[in-house]
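Below, read A as the first sequence line, B as the second, and so on, with proteins coming before strands; counting in each chain starts at 1.
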There are 2 protein chains.
Amino acid sequence: MLEEEKNTEKTILEAAKRVFLAKGFDGARMQEIADEAKINKSLVHYYFRSKDKLFDAIFEEAFSQFIPKVAETMASDKDIFEKITIFVDTYIEMFINNPHIPTFILHEINRNPDRIVDLLKNSKINPSLFVVSIMQEMQNGAIKPLHPLHLIINMISLCVFPFAAKPIIKGFILNNDEALFNQFIAERKKEVTAFIIRSIKN
Amino acid sequence: MLEEEKNTEKTILEAAKRVFLAKGFDGARMQEIADEAKINKSLVHYYFRSKDKLFDAIFEEAFSQFIPKVAETMASDKDIFEKITIFVDTYIEMFINNPHIPTFILHEINRNPDRIVDLLKNSKINPSLFVVSIMQEMQNGAIKPLHPLHLIINMISLCVFPFAAKPIIKGFILNNDEALFNQFIAERKKEVTAFIIRSIKN
DNA sequence: ACTTGGTTAATCTAAATGGTTAAACCAGTT
DNA sequence: AACTGGTTTAACCATTTAGATTAACCAAGT
């Protein structure tokens with residue numbers, strides 16, 4: 001068994017993931033997925049029956065991959081500033097490695113909001129844990145009074161949005177220079193963490 | 001001429017805008033646009049020839065509608081804190097009235113990055129104006145030292161993302177309660193402005 | 001009443017696309 | 001060599017969809 005002779009099912013899944021992530025469900029074509037996997041289109045149906053089922057398979061995988069890290073960070077007993085630092089770092093790092101995820105998810109949640117909400121509800125992610133820890137830090141005076149939910153959404157916004165808006169940022173501001181964009185993103189880990197902490201620290 | 005007897009072209013444009021914004025180019029169907037406009041599908045082709053041309057028509061309109069306000073704010077001679085306040089207010093207000101715009105644009109820029117970049121380049125929006133004004137305020141000590149570009153992206157992130165992520169926020173955190181979400185968004189105008197200014201003010 | 005320019009609707013077409021079928025293939029087993 | 005279970009391929013089918021065609025309609029002008 002050669003190294004490149006990977007099993008077909010996995011090959012299809014990986015190809016499907018690339019195509020679905022780049023084009024979304026409606027924009028993706030079964031033929032394109034087959035081409036991407038360099039196999040016959042029938043094989044895609046043979047292994048996954050339908051476009052919907054194939055999509056479900058990659059969606060859950062693509063979405064779930066970043067849940068554990070986030071859940072872990074939020075549940076730890078580090079102080080809030082460390083939590084924020086780790087959160088921003090891991091989040092941004094993950095999107096560096098999966099740059100299509102933000103746009104993909106933001107688009108697909110409109111087609112089927114329940115799917116993602118169910119996945120989240122069945123996950124280990126529990127925002128109220130983080131809310132409690134924010135309120136404790138507020139009470140003991142470590143951070144300024146603020147709405148915990150807004151802080152959480154602010155954190156996620158600052159991490160996610162630049163990836164979703166990459167073509168605009170890169171094309172309009174950074175002269176279409178990929179290296180400049182990468183540099184910009186690299187800077188962001190420290191920049192965003194500092195931005196948030198400066199805003200909330202007492 | 002009755003009030004409801006609007007001209008057909010405009011009726012089509014409005015219907016097309018609703019459908020394209022909700023479903024994206026790939027997800028939209030000419031038949032659905034015709035149904036939405038309560039007219040015969042042929043009329044859509046009669047007035048706009050092709051799906052592409054119709055899309056171009058609504059895209060430019062949908063995108064351009066929020067350029068003037070932003071440009072105006074950025075070019076004014078108010079101090080930076082006022083600029084930020086106005087920017088956040090008008091941006092969020094506009095998305096309250098056009099909630100689908102964020103997801104729509106973030107998705108469509110992947111299909112055709114150049115289109116939007118060209119629109120921006122031909123617009124009155126000039127980020128370097130704002131960059132200059134940020135650097136001046138830094139020099140005269142009004143705000144802390146920071147990368148102007150990151151500040152700009154932060155501002156936009158905080159305004160745009162919550163709308164793009166609405167189904168998640170509403171479904172996962174706010175128990176699917178539309179009123180709660182509207183309240184959350186309403187709070188955000190003040191919350192985001194305060195969050196930013198706290199972070200940068202000296 | 002008839003013509004004319006523009007508008008609307010019904011019908012048709014060609015291509016794309018998701019999915020099925022049936023046959024070929026191939027590795028291992030007897 | 002023949003059988004067997006699973007895999008792969010090419011050919012095919014049914015439906016959807018963008019778009020073209022053609023005829024009906026309608027208001028204004030003559």
Side-chain angles (χ1 to χ4, degrees), chain A residues 1-62 100 104 107-108 110-112 115, chain B residues 1-62 100 104 107-108 110-112 115:
Chain A
M1 194 208 295
L2 291 174
E3 187 54 40
E4 14 180 340
E5 262 260 354
K6 278 192 278 186
N7 95 5
T8 313
E9 192 172 328
K10 204 156 209 170
T11 310
I12 296 174
L13 267 178
E14 282 163 9
K17 200 171 161 182
R18 284 194 295 274
V19 175
F20 276 133
L21 279 170
K23 310 246 175 132
F25 180 86
D26 292 322
R29 297 286 166 259
M30 294 300 266
Q31 185 60 58
E32 194 184 348
I33 291 170
D35 292 347
E36 176 81 18
K38 283 169 192 147
I39 49 142
N40 190 285
K41 178 166 78 82
S42 301
L43 268 190
V44 184
H45 284 98
Y46 177 74
Y47 280 97
F48 293 94
R49 242 339 334 116
S50 72
K51 191 182 180 185
D52 271 291
K53 294 225 175 73
L54 178 57
F55 184 80
D56 284 347
I58 72 102
F59 187 85
E60 187 158 344
E61 198 210 317
H100 282 295
F104 173 72
H107 180 72
E108 294 301 331
N110 278 317
R111 270 201 331 124
N112 188 347
R115 186 196 337 242
Chain B
M1 193 208 294
L2 292 173
E3 188 52 41
E4 12 181 340
E5 261 260 355
K6 276 192 278 189
N7 92 6
T8 313
E9 192 172 328
K10 205 155 209 173
T11 310
I12 296 174
L13 267 178
E14 283 163 8
K17 200 169 161 185
R18 284 194 294 275
V19 174
F20 276 132
L21 279 170
K23 310 245 174 130
F25 181 85
D26 291 323
R29 297 286 165 260
M30 294 299 266
Q31 184 60 59
E32 195 184 347
I33 292 170
D35 292 348
E36 177 79 20
K38 284 170 192 146
I39 49 139
N40 191 285
K41 179 166 80 79
S42 303
L43 271 189
V44 184
H45 283 97
Y46 177 76
Y47 280 98
F48 293 93
R49 201 110 214 128
S50 72
K51 190 182 180 185
D52 272 291
K53 295 224 174 72
L54 177 56
F55 184 80
D56 284 346
I58 73 102
F59 187 85
E60 188 159 343
E61 198 211 317
H100 282 296
F104 173 73
H107 180 72
E108 294 301 331
N110 278 317
R111 271 200 330 125
N112 189 348
R115 182 194 340 238

Q: Over all heavy atoms of both residues, which pair between B:A57 and B:F48 is shortest? Give the atoms and the distance, please.
A: CB-CE2, 4.2 Å

Q: Return each pair, listed once, that meets salt bridge (charged side-chain N to carboxylate O under 4.0 Å, His left out) where at least one residue sits in residues 43-55 of chain A; pairs must be two or more places apart or across chains.
A: none

**Q.** Strand DNA chain D as a dot-bracket string - pairs counted if Watson-Crick or G-U with both distances under 3.5 Å, | where the partner lies in another strand
**A.** ||||||||||||||||||||||||||||||

Can you list the residues that meet the side-chain contact (heavy atoms from CB on, under 4.5 Å) rule with [X], with sequence neighbours excluded?
{"X": "A:E61", "answer": "A:K17"}
{"X": "A:S42", "answer": "A:N40"}
{"X": "B:A15", "answer": "B:R18, B:I33, B:E36, B:A37"}
{"X": "B:R111", "answer": "B:F25, B:D26, B:F55, B:E108, B:R115"}

Q: Give me the first and last nucleotide of DNA chain D, going 5' to 3', that has any atom under 4.0 Å from a heavy atom of chain B.
A: D:dT17 to D:dA20

**Q.** Close residues, residues 44-60 of chain B, relative to DNA chain D [heavy-atom separation under 4.0 Å]
**A.** B:H45, B:S50, B:K51

Q) Can you tell me if CD on A:E60 sees more than 12 non-hydrogen neighbours from other groups inside 6.0 Å? A) no

Q.
Please enumerate all residues that pass ring pair (Phe, Tyr, Trp, His ring centres under 6.0 Å) together with A:Y47, with sequence neighbours excluded.
A. none

Q: Supply the atom-to-atom distance B:H100 NE2 to B:H107 NE2, rounded to the nearest 0.5 angstrom.
A: 14.0 Å

Q | Heavy-atom check, side chain of B:T8 versus side chain of B:L43, under 4.5 Å | A | yes

Q) Between residues 28-43 of chain B and DNA chain C, which residues have a heavy-atom gap below 4.0 Å? A) B:N40, B:S42, B:L43

(Q) Holding to salt bridge (Lys or Arg N to Asp or Glu O under 4.0 Å), I want the full list of residues that pass it with A:K41, two or more places apart in sequence or in another chain. (A) none

**Q.** By salt bridge (Lys or Arg N to Asp or Glu O under 4.0 Å) - contacts of B:R29 (at least two apart)
**A.** none

